[in-house]
Each structure stands twice: as C-alpha cells, then as structure tokens.
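Chain naming here is simple, since letters A, B, ... match the order of the sequence lines and numbering starts at 1 in each.
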There are 2 protein chains.
Amino acid sequence: MALAHALLAALHQEPGTGYELTRRFELSMGNFWQASHQQIYRELGRMAQQGWLELQLQPQQGKPTRKVYSVTTEGLAALRDWLQQPQPPAVLRDDLLVKLYAGAENPAAVQAELLRHRALHADKLATYQALAAGCFACPQDLPRAEQFIYLTLRAGLSYERQWLAWCDETLSALQELG
Amino acid sequence: MALAHALLAALHQEPGTGYELTRRFELSMGNFWQASHQQIYRELGRMAQQGWLELQLQPQQGKPTRKVYSVTTEGLAALRDWLQQPQPPAVLRDDLLVKLYAGAENPAAVQAELLRHRALHADKLATYQALAAGCFACPQDLPRAEQFIYLTLRAGLSYERQWLAWCDETLSALQELG
DNA sequence: TGTCAATATGCAAATAGTTGCATAAAAAAA
DNA sequence: TTTTTTTATGCAACTATTTGCATATTGACA
C-alpha cells in the first residue's frame, strides 16, 4: 500500500484536503508517485477509518465542506515502521521498449515514437531544471526536511536525463540499421 | 492492454507455450515488462478467443497437454496497428523516493535502503553486461530483428547505470546532511 | 525410497489503478 | 452575458496486477 505511505509522507509535511493533495501529486510528488483525485479521496477515507489520519471539517457556504486531513500518532508510527521495511527497487516497465522489441515490423513508426518521447523527456527535464533553479537554488539553506525532498527532485533529473540520452543513442542506432 | 502486445511481440519472434513465455519474461523481456505465469495464461486464453493467436495442442503422456501458441494474421495486424499508436512514456513510480521524501523521519533507515538498492542495481547491471558480452558480442552480425532486441538490452543497461550513479550521489549527499 | 526442484497448467480472491460519470459554486475569460 | 476554468468532492464500473492455492509428472538428490 505505497499510496497510503506517500499520503502519510505528504500530510506529515503539511496537512491538507484531498484537493490540495491532488495538486501536490501533480507537482513535486508526481515526480515519483502518481495518483488521481478519485484514488486519493478513496485512500484518505480508508486511512481515516484505520486511524492513521484525523480530519477537521471546515464548512464553507455554497461549496462542499473542506475536509482537512492530518497524520495521527498511529499514522506517524505506521510511516516510521514502513521506512524501515525493505522494499524491492522500481522495475522498468515501458511500452516503448515492447515496441522497440518488435521494431523490425515497422522501424519508421518506432523512430517516430522515439522522437516524440525524446521531446516529452526534454520537456520534463526542463521543468525539473526550472524547479531546481527556482525553489531549490540554495539547497544547503533549506530546512532539513526539504533537503530530503530536494534529493527526490535530483532523482527526477537523473531519470529524465538518462532517457533523453538513451533516445538519442537509440535513434542513431536506428539510422545505422536503416 | 500492453501485456497482450508484449505477448504478440514475443510470440511473433517465436511461437511457444505459456510456460516458455513465462521463462522468456523472466529473461530478456522481463527487462522492460514483467508478468506472472497466472497473468500470462489468462491473457493467452483471451487473445486466442479474440482470434489473435492460434494454438496447436501437443499431448504428452503423463503431463498436461502442451499448448503452443502462434500469432495469427489478425494478431500481427493488431501488433502493427499498435506500433503506430502513440503511447505516453513510462513514468517513474518508486517506493524508495517516497521514503527519501519522508527521510528526515529516519535518515539511517533510508541510507540502509539506498545501500541495499545500490547492490541490487549493481547486480542487475552485471547480469545485463554479461548478456551483452555473451549473446550480443557482435551486434552487427545479428539478424535484423534481433538487433532491435539488442537495443532494448541497451535500455536496461542505461537504466541500471543511472540508478547506480544516483544511489552513489544520494548516499554522498546524505553523509553531508549528517 | 522419500523429498525436492523443475516442468506445465490453471482458478479464485484481493489489491491497485484507470475511466466515466455526477454535483455544485466561484471566478475568470470570451 | 454566456462559457470555461478552477475549486471541491465522490461513486461505480472496469482493467490490471499480485498473491495464494491447486494439480500432476519427471528427474535429480539424499
């Protein structure tokens, strides 16, 4: 149940509503964990029932009541416990490589897809670089907890740079293959 | 339904049984797409029903009948069609980064996990390097279709090298953070 | 001779994730 | 002034993946 732990990590950094968490997952956390708002609301409900979260209701006129979740003592204990449990590394699982595997059936289509992906990776890399230059310009001066968050951004940078380089390498190889 | 297309790619390269495919997914294809035998048997059944695969029964005395699947004309058409459809790139989704995000709660546990993952990535890299030096020693001399497969192995190498380098970089950063 | 690993197949249940739909008001843009 | 976007929530259905169980033979090891 890694989504639950990702939500614990996010809410421990700062309490928030389902909506705010969805935003956060689109920005910094989405770098390494993705979740839709439907998934998040459902999981928050479960976690609150389990006692990992408590919620404070903030009624608003006209709009639905804001439900602000924060991590309970049990929730923090669960997060700490999970931090100590060994987990298998993320495995590569990529459609594009399945396509490349069968690439001899249509090299031109695979080349086009590689070019498209190359551009998407370049975009994402640029976004991360802008974030690193902006919010994290002086990582040493950040509060301790945010220095750890900065290290996750560096993973994103490394990941995107790697794919960009691999796309280039593979496009060259395809050219030579003809 | 990417598993179906991965199976089409594998069976188009060479027909086989569910069991053989499970082996293949553990070796070369498992590099970028993982599937359990349960998943594979079920999917093969669906695909055969759909007309993408045909099966040849090879009764064996004592053992269950071997079901050898091969790709039909419709199956190949489906594979070719899929090759042309744009797909989003693989996104990073990693427990370890969730842990690092919340790392201030227990830096020692995160450091231990990074060291463990570093070793696992080094192992996998060594396996890929051995495969590259063995089966793919002279990639230029391979049949055309296998040159594409070689390019997927190069992706695996690139991926593991990147994680190894990132683990080292992050371990250093953690040391400085104290 | 008994046990264990490998070969070879598959069902069922649980968990996780995606997609489609639905509501409803405020604020901003056309 | 009408439309679109943003804020804010959630259910239901579907697809995908994982985990646990189940069967049954061959060949190797102890």
Can you list, pair by pair, the side-chain donor-acceptor contacts under 3.5 Å of residues 136-149 of chain B, counting residues two or more places apart and other chains?
{"residue": "B:Arg144", "atom": "NH1", "partner": "A:Leu177", "partner atom": "O", "Å": "3.3"}
{"residue": "B:Gln147", "atom": "NE2", "partner": "B:Pro139", "partner atom": "O", "Å": "3.2"}
{"residue": "B:Gln147", "atom": "NE2", "partner": "B:Gln140", "partner atom": "O", "Å": "3.1"}
{"residue": "B:Gln147", "atom": "NE2", "partner": "B:Leu142", "partner atom": "O", "Å": "3.1"}

Using distance only, find each side-chain donor-acceptor pair of residues 14-22 of chain A under 3.5 Å and give its atom names and separation, not counting sequence neighbours.
{"residue": "A:Thr17", "atom": "OG1", "partner": "A:Tyr19", "partner atom": "N", "Å": "3.4"}
{"residue": "A:Thr17", "atom": "OG1", "partner": "A:Glu20", "partner atom": "N", "Å": "3.2"}
{"residue": "A:Tyr19", "atom": "OH", "partner": "A:Arg23", "partner atom": "NH1", "Å": "2.9"}
{"residue": "A:Glu20", "atom": "OE1", "partner": "A:Thr17", "partner atom": "N", "Å": "3.2"}
{"residue": "A:Glu20", "atom": "OE2", "partner": "A:Arg66", "partner atom": "NH1", "Å": "3.4"}
{"residue": "A:Glu20", "atom": "OE2", "partner": "A:Arg66", "partner atom": "NH2", "Å": "3.4"}
{"residue": "A:Thr22", "atom": "OG1", "partner": "A:Gly18", "partner atom": "O", "Å": "2.8"}

Extract all donor-acceptor atom pairs below 3.5 Å that involve side chains of residues 73-80 of chain A and protein atoms in other chains or at least two apart in sequence.
{"residue": "A:Arg80", "atom": "NE", "partner": "B:Glu105", "partner atom": "OE1", "Å": "2.9"}
{"residue": "A:Arg80", "atom": "NH2", "partner": "B:Glu105", "partner atom": "OE1", "Å": "2.8"}

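We find that NZ of A:Lys67 is positioned 11 Å from C1' of D:dA8, with the value rounded to whole Å. Across the protein-nucleic acid pair, B:Ile40 atom CD1 and C:dT9 atom P stand 11 Å apart, rounded to whole Å.
Below 30°, between 30° and 60°, or above 60°: for B:Tyr159 and A:Trp163 the angle between ring planes is between 30° and 60°, a tilted geometry.
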Contact list (N/O, under 3.5 angstrom) for nucleotides 21-23 of chain D vs protein:
none

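With sequence neighbours left out, A:Gln34 forms a side chain to side chain donor-acceptor pair (under 3.5 Å) with B:Arg93. Annotation: side chain to side chain donor-acceptor pair (under 3.5 Å) contacts of A:Tyr101 (sequence neighbours excluded): B:Gln13. The ring-ring contact (aromatic ring centres under 6.0 Å, His included) test applied to A:Trp52 returns A:His5, not counting sequence neighbours. Annotation: side chain to side chain donor-acceptor pair (under 3.5 Å) contacts of B:Glu169 (sequence neighbours excluded): A:Arg154. Shown here are the salt bridge (charged side-chain N to carboxylate O under 4.0 Å, His left out) partners of A:Arg118, two or more places apart in sequence or in another chain: A:Asp168. Remark: B:Glu43 pairs with B:Arg46 by the side chain to side chain donor-acceptor pair (under 3.5 Å) rule, at least two apart or across chains.
Among C:dG10, C:dT18, D:dT17, the nucleotide with an atom closest to any side-chain atom of B:Arg93 is C:dT18. For A:Tyr41, the listed nucleotide lying nearest its side chain is D:dT9; candidates were C:dG17, D:dT9, C:dG10. Residue B:Ser36 has its side chain nearest to D:dT18 when only D:dT18, C:dT18, D:dT9 are considered.
When heavy atoms are screened at a 4.0 angstrom cut-off, B:Arg42 is found touching base atoms of the nucleic acid.
Overall, the helix from C:dT1-D:dA30 to C:dA30-D:dT1 carries an axis bend of 30° between its ends, with five pairs at each end and the value rounded to 10°.
Contacts of residues 14-23 of chain A with DNA chain D (heavy atom under 4.0 Å): A:Thr17, A:Gly18, A:Tyr19, A:Arg23.
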